[in-house]
Amino acid sequence: MSKIKVMSTALSNRIAAGEVIERPASVVKELVENSIDAGSSFISVEIERAGSRLIAVTDNGCGMDAEDAMLALEQHGTSKLLSEEDLDHIMTLGFRGEALPSIASVSRFSLITRTADSPEGIKVSGDGGENMTTVPCGGTVGTRIEVRDLFFNLPARRKFLKSAATEEHHIEEIMIMLAIAHPETGFRLQIDNRIAFHTPASSSQEYRLRELFGKSFTDKMLFFEHTENGMNISGCIASPGFTRPSRRDQRVFINSRPVEAQAVYRGIKEGYATLAEPGRYNPVVLFIDMPPEDLDVNVHPAKREVRFKSEYIVSRAVASAISAALRRTRETGATPAQLPPSGKLPLALVLDAAEIRYQVEKVEQRKLTGLFLDGENVSPKDDLVLEGDAEMLQIQVAPEVETVSEITPPEKTPEVQVEPEKICRNENEEKTFDIPQVSAVPSMRGTAERMWEQPAAFSGNWPEHIIGVFDNTYILASSASGLVLIDQHAAHERVMFERLLDEAGRAEVIQQTLLIPEIIDLPRQEISLLASCKEVFERFGFDIEPAGGNTVMINAIPQNFGKCKDISGFFSDMLHELTASSDLKSSVRPENIARAACRAAVKAHDVLDIKAMEQLLEDMKKCRQGTLCPHGRPTMITLSVKEIEKRFQRR
């Protein structure tokens with residue numbers, strides 16, 4: 001008897017659903033893409049319980065007749081591919097014919113559809129892809145699909161769904177991406193009877209972005225269009241200085257399909273070249289139209305990943321488009337105030353010609369200590385002016401550029417002794433620092449819990465005497481163990497994190513009322529976050545009220561943020577990190593806000609006086625875990641006396 005059997009249709013559809021339908025957002029993506037392919041001018045999506053109870057997608061597209069409605073639920077039933085040659089010229093969002101049967105096999109499914117030339121519609125329904133029935137029904141032209149009780153017959157898959165807040169976040173992100181890619185189509189998203197967003201059809205890409213992300217976002221973007229190697233690249237890029245802490249706002253569309261492509265991300269980085277800030281990402285919305293035969297979208301059932309015939313050509317085209325847009329803006333004088341003055345970028349390393357491009361991206365705003373190019377020595381007293389894009393750097397001497405000393409010691413610099421036993425001895429006793437027991441803040445979750453479990457990065461004696469500062473970023477101090485380097489940003493983050501959590505637990509919080517309220521335009525997702533978690537923000541001392549549309553008004557901030565110079569920038573970064581968090585539960589927890597709010601801490605290159613640095617060290621001593629920042633990075637490192645002596649070959 002043969003051991004090999006042919007799978008049943010229901011079983012094969014469930015297996016296919018494991019790849020195609022990862023979560024409720026996958027269902028929304030597949031159904032909305034089908035509606036777009038059907039020529040819809042308006043698409044409405046209704047969600048209940050983060051999609052686990054109901055996902056309903058209604059469109060006014062071409063609709064289907066009774067025969068097509070049944071064939072659409074057959075595995076690999078599609079109207080978009082008729083021959084093998086069509087596979088090399090895919091211009092539709094869907095084409096594999098797997099989505100509808102996969103969705104139907106893991107839900108209680110119903111489809112109502114009618115064509116314009118039919119007097120009545122047809123309804124197809126079934127549970128788990130079995131016992132599908134068809135009955136005539138009324139209805140408007142178009143299609144409505146209802147997916148109820150998703151994964152009801154796959155309890156293991158249902159158990160592994162994330163929290164409602166996380167699943168809703170993924171659904172909103174999918175809808176925003178599709179709305180950006182298709183401004184000619186109107187979209188409406190309703191979550192638990194709450195309108196997440198409602199945007200009408202528009203012929204203007206800028207108008208669609210303004211609706212979704214707010215006026216302040218689009219005002220900082222540069223719109224452009226570029227053609228190269230048969231590709232048309234258009235969209236908008238952020239002005240230099242407008243950055244985000246993650247790549248989430250770098251959105252790429254190829255032939256109107258949202259994708260993730262490392263080749264494009266490399267091109268974005270090369271296009272900004274020296275204008276990119278380390279650890280930060282410039283928001284971009286890129287539309288790349290290219291011949292379909294030059295890329296492969298049939299890589300994965302989710303169709304999120306694509307492959308190019310030549311990644312290098314794509315990267316170079318994107319880099320050229322971005323650098324040309326930045327150059328045109330600089331030449332016309334339309335660049336916002338965030339642009340650095342005349343492209344002057346001092347360096348702080350000894351470089352050769354082969355290393356210059358790499359080092360320019362790594363080190364900015366440094367003093368040139370010596371440079372040899374083609375046998376010519378440039379005086380250390382002069383800085384460089386870098387002109388042109390990253391591929392064609394022209395170097396000229398630019399005298400009379402003011403620079404700042406890298407190490408700015410305090411007025412009275414204590415002498416650092418070499419003998420370990422004499423370094424921190426005072427009149428009474430030798431001062432040493434014992435790392436306190438690590439105790440988690442109550443109800444810490446996710447990253448914070450993992451952070452508390454990590455061993456402390458600093459295992460020496462606590463720094464006692466500040467002897468200087470390097471690069472206006474690292475405080476130099478002496479201790480019984482040697483030379484200590486303190487990252488002022490990471491250290492201040494830790495101090496603020498613990499203060500915020502402590503204050504959030506108090507009955508009364510101390511607010512600082514703003515003399516002039518701050519008006520901020522925010523993306524739709526962040527508006528929704530504020531609306532659902534207003535009470536948690538109030539516990540920290542924020543007073544925020546909606547001002548209509550995408551606008552909110554900040555009336556008061558926590559006392560700890562009183563010295564924050566850029567309230568709108570800090571608030572945007574904080575909300576950006578919160579919406580990007582994958583560990584949010586049913587609502588934002590205080591530790592989530594505290595960790596995100598640490599972005600108001602002093603930054604690298606901020607100038608601190610000696611009193612501020614001494615106060616920072618004192619505050620760190622009071623922290624439960626002063627050696628790690630809230631994100632797990634060390635706040636300080638130690639160079640021992642033995643290591644220093646070894647470097648100087650004294651041992």
Side-chain angles (χ1 to χ4, degrees), residues 21 23-66 68-70 72-73 79-80 92-94 99-104 106-126 132-150 167-168 170-202 208 211-212 524:
I21 310 304
R23 60 194 337 148
S26 305
V27 177
V28 174
K29 173 181 177 293
E30 297 294 341
L31 296 182
V32 174
E33 286 183 347
N34 282 344
S35 295
I36 293 172
D37 287 338
S40 306
S41 61
F42 185 79
I43 302 171
S44 175
V45 179
E46 302 166 44
I47 303 295
E48 292 182 10
R49 288 191 181 178
S52 60
R53 171 184 283 182
L54 171 67
I55 299 173
V57 177
T58 307
D59 66 56
N60 60 354
C62 60
M64 295 177 284
D65 58 23
D68 284 344
M70 288 299 296
L73 293 171
S79 63
K80 299 158 189 177
T92 54
L93 296 176
L100 282 183
S102 296
I103 294 170
V106 293
S107 67
R108 307 188 195 279
F109 181 90
S110 68
L111 179 153
I112 299 175
T113 184
R114 183 169 80 86
T115 59
D117 56 357
S118 175
E120 63 181 13
I122 185 75
K123 179 178 181 179
V124 182
S125 60
M132 304 300 289
T133 60
T134 61
V135 294
C137 69
T140 60
V141 175
T143 302
R144 176 179 172 85
I145 295 178
E146 293 184 359
V147 178
R148 297 183 181 274
D149 300 329
L150 185 64
E167 297 299 343
E168 288 175 4
H170 285 287
I171 291 172
E172 287 189 50
E173 181 64 20
I174 287 292
M175 289 295 294
I176 286 173
M177 293 291 281
L178 292 172
I180 294 173
H182 301 276
E184 72 284 354
T185 304
F187 292 89
R188 180 177 180 269
L189 174 62
Q190 177 178 303
I191 299 178
D192 293 332
N193 297 319
R194 171 181 60 86
I195 303 299
F197 70 84
H198 187 175
T199 174
S202 172
R208 175 58 56 89
E211 277 193 309
L212 295 174
R524 294 282 185 177

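Everything quoted here is computed from the prediction, not taken from an experiment.
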Reported CZ-to-CD1 distance for the pair Arg49 and Ile55, which is rounded to 0.5 angstrom: 14.0 Å
Least distance between heavy atoms, Ile21 atom then Ser102 atom: CG1-CB, 4.3 Å
Side-chain (Asn60) to main-chain (Val141) donor-acceptor, under 3.5 angstrom: no
Check: Met64 main-chain N/O paired with Thr113 side-chain donor or acceptor under 3.5 Å: yes
Minimum heavy-atom distance between Ala196 and Ile191, given as atom pair plus value: CB-CD1, 4.2 Å
Minimum heavy-atom distance between Ile122 and Ala69, given as atom pair plus value: CG2-CB, 4.1 Å
Residue pair Gly63 / Thr115: nearest heavy atoms and the distance that separates them: C-CG2, 3.7 Å
Gap between atom CD1 of Ile195 and atom CZ of Arg188 - 0.5 Å precision: 3.5 Å
Qualifying ring-ring contact (aromatic ring centres under 6.0 Å, His included) pairs with a residue from residues 24-46, counting only residues at least two apart or across chains: Phe42-His198
Least distance between heavy atoms, Pro101 atom then Ala72 atom: CD-O, 3.7 Å
More than 12 heavy atoms from other groups under 6.0 Å of CZ on Arg194: yes
Heavy-atom check, side chain of Glu211 versus side chain of Phe187, under 4.5 Å: no
Closest contact, heavy atoms only, Glu120 versus Pro136: OE2-CB, 3.7 Å
Whether Arg108 side chain and Leu150 backbone form a donor-acceptor pair below 3.5 Å: no
Whether Ser118 side chain and Arg114 backbone form a donor-acceptor pair below 3.5 Å: no
Leu111 side, atom CG; Ile145 side, atom CD1 - distance, nearest 0.5 Å: 4.5 Å
Carboxylate-amine/guanidinium contact Glu46 Arg144, below 4.0 Å: yes
Main-chain N/O of Gly142 paired to Asp59 side chain as donor or acceptor, under 3.5 Å: no
Close side-chain approach of Val28 and Ile47, heavy atoms under 4.5 Å: yes
Rounded distance [0.5 Å steps], CD1 in Ile171 versus CG in Leu189: 7.5 Å
Stepwise side-chain contact (heavy atoms from CB on, under 4.5 Å) test for Val32 and Lys29: CA-CA 5 Å; Val32 174; Lys29 173 181 177 293; over 6 Å; no
Residues which pass salt bridge (Lys or Arg N to Asp or Glu O under 4.0 Å) with Asp68, listed by chain and number, not counting sequence neighbours: none
Under 3.5 Å: donor-acceptor pair, side chain of Ser40, backbone of Ser35: yes
Side chain Arg23, main chain Glu167, donor-acceptor under 3.5 Å: no
Distance in Å, Ile103 CD1 paired with Ser26 OG, rounded so as to fall on 0.5 Å steps: 9.0 Å
Non-hydrogen side-chain atoms of Ser110 and Lys123 separated by less than 4.5 Å: yes
Beyond-backbone contact of Leu93 with Asn34, side-chain heavy atoms, under 4.5 angstrom: no
Straight-line distance of Thr185 OG1 to Arg208 CZ, nearest 0.5 Å: 7.5 Å
